[in-house]
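Working notes, structure below.
Fair warning: this is a prediction, and the values are worked out from it, not measured in the lab.
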Amino acid sequence: MTMRWAVSALFFVNGLLVGSWAPKIPVLMERLGITEASAGVIVLGLGLGSICVMPLFGAMVARAGSASAVRLAAWLAAPSMIWISLAPTYWTVAATVVLFGGMVGGMDVAMNANAVAVERARGRAIMSSCHGFWSLGAFAGAAAGGWLIQRFGELAHAAVITTVFALVLLWALSRLLEDAPEAGAPKAPLRLPRSPLPWLIGLMALAAMIPEGAILDWAAVYLQREMGASLSVAGLGFAACAGTMAAMRFAGDGLRRRFGAVTTLRASSAVAMAGLVLAGLSSSPAPAIAGFALAGIGIANMVPIAFSAAGNVPGLAAGMGLSVVTMMGYSGILLAPGSIGFLAEHLSLGTIYLGLAALLLIPLLLSRLAATADFEPRDD
């Protein structure tokens, strides 16, 4: 049981670190005197750093085990907020943010692989609730970050987050499940998998994470500009989605045990599609917010199921399968904001949300591939 809480703690502090990044962006813009476009380049570096480093840590998981990989990534990620706060110029900030993205992304691959190993060892699904802890950490980091920066300053905020992160690491890393390959076992090749299965599972994750990114970045704009909602009401769009998503992630492991990964994924896809259709067809804020909440219920467990499925592909090391799925999935978060911004110049956001509902036909049609996530008897 301890190893289960240890990996959950890593998900929480990884989310805490990512959530703490959000309130730093306007502070950096003011300190460096840069525009939104220049800040966008820095934010892009965060995603690019993650995508470039994820396959490297996937290979390390395959060679040395997830526990070793997550220790390295976590300790390298620990001082990230301090690096960014101390960087004096635009390009040094950009460089530290790329490193931050790389270490957070590497930690993401390794901790998901460790969660898969814990699932196998315990014979019970835990992936959805681990992602629930990530959501709680991200909420805590974003909610506390602005207050800490305003009250104590940018560097003090970085020091507090780094201290909390390091203390959790000191407790959790010594309690992780050790999953290093046995001595003499053949080493996994340092290349991405040639089998199409992890790439197809990655496509499912990509299709699930694009709508999540679209709600995160554009729900408030949709409610405010196209429906005339006040700023306070407009903020409820993503809040409703994030709240239902966190709650459903803690319920997701039980649903998977009860109904199986394939059925849960199919139902999740259908619910998410219904929520996006409701949001896209709404003419007033209240039903649109309800639609975003419904979409959060559906989206919540799609990515955790994809990650479990990728980590259990027969004949493939968990780290390599997970590196593909995390790389493809998070590229959706990276690509969605700019792509949707371009489309919004020609189409209404309501129409775009309807299109994103159609995009979820991909995980619905490919849902049978999630069968590799089922490694335990269902609760009938």
Side-chain angles (χ1 to χ4, degrees), residues 4-28 43 46 50 70 73-75 77-85 97 100-101 103-105 107-108 111-112 114-115 126-173 175 209 212-213 215-217 219-220 232 235-253 292-293 296 299-301 303-304 330 333:
R4 186 255 189 278
W5 291 114
V7 71
S8 297
L10 293 183
F11 274 83
F12 178 84
V13 292
N14 185 276
L16 180 74
L17 207 56
V18 173
S20 299
W21 159 247
K24 287 188 75 69
I25 297 174
V27 177
L28 289 172
V43 173
L46 177 72
S50 295
V70 80
W75 283 119
S80 296
M81 289 293 112
I82 293 177
W83 297 341
I84 296 168
S85 299
V97 170
F100 168 52
M103 293 307 103
V104 168
M107 183 180 175
D108 200 300
M111 70 187 185
N112 274 287
N114 195 262
I126 67 163
M127 187 66 79
S128 289
S129 59
C130 283
H131 282 256
F133 279 106
W134 189 94
S135 297
L136 287 180
F139 175 80
W147 179 82
L148 284 170
I149 292 172
Q150 186 174 358
R151 185 74 182 270
F152 301 106
E154 181 185 4
L155 189 57
H157 162 257
V160 169
I161 296 301
T162 301
T163 300
V164 172
F165 190 90
L167 288 174
V168 173
L169 292 188
L170 288 172
W171 178 84
L173 291 179
R175 293 168 172 82
M209 293 186 82
E212 181 181 348
I215 296 172
L216 167 65
D217 292 295
S232 59
L236 295 176
F238 178 67
C241 177
T244 56
M245 188 181 298
M248 280 304 296
R249 281 181 167 167
F250 284 109
D253 295 325
F292 289 134
I299 293 169
N301 292 301
V303 171
Y330 285 109
I333 296 288

dist E154:CD -> I82:CD1 (nearest 0.5 Å) comes out at 11.5 Å
Between the CG atom in N112 and the CE atom in M107, the distance rounded to the nearest 0.5 Å is 10.5 Å
Is any side-chain heavy atom of L136 closer than 4.5 Å to a side-chain heavy atom of F250?
yes
Under 3.5 Å donor-acceptor, N14 side chain and L10 backbone:
no
Taking every heavy atom of C130 against every heavy atom of A115, the minimum-distance pair comes out as SG-CB, 4.3 Å
Please indicate whether F139 has more than 12 foreign heavy atoms, meaning atoms of other residues, nucleotides or ligands, lying under 6.0 Å from its CZ. no
Residues L17 and I161: closest non-hydrogen pair is CD1-CG2, 3.8 Å
Distance col, row I126:CD1 vs F133:CZ, nearest 0.5 angstrom, shows 10.0 Å
Between A293 and T244, the two heavy atoms sitting closest are O-OG1, 2.8 Å
For A9 and W171 the tightest heavy-atom approach is CB-CZ3, 4.1 Å
Passes side chain to side chain contact (heavy atoms under 4.5 Å, CB included), L16 versus V168? Steps please. CA-CA 11 Å; L16 180 74; V168 173; over 6 Å; no
Q: Look at the rings of W21 and F100 and say which category their plane angle falls in: under 30° parallel, 30 to 60° tilted, over 60° perpendicular.
A: tilted
Under the 3.5 angstrom rule, does the side chain of S85 hit a backbone N or O of A158 as a donor-acceptor pair? no
Pair F11, H131 - check ring-ring contact (aromatic ring centres under 6.0 Å, His included), show working. CA-CA 7 Å; F11 274 83; H131 282 256; 5.3 Å; yes
Can you confirm whether the side chains of R249 and S135 place a donor and an acceptor under 3.5 Å from each other?
yes
Closest non-hydrogen contact found for D253 with S129 is OD2-OG, 2.8 Å
request  = Please examine the side chains of W134 and M111, heavy atoms only from C-beta on, and report whether any two atoms are closer than 4.5 Å.
outcome  = yes
Between the NZ atom in K24 and the OG atom in S80, the distance rounded to the nearest 0.5 Å is 10.5 Å
Between S128 and N301, the two heavy atoms sitting closest are OG-OD1, 2.8 Å
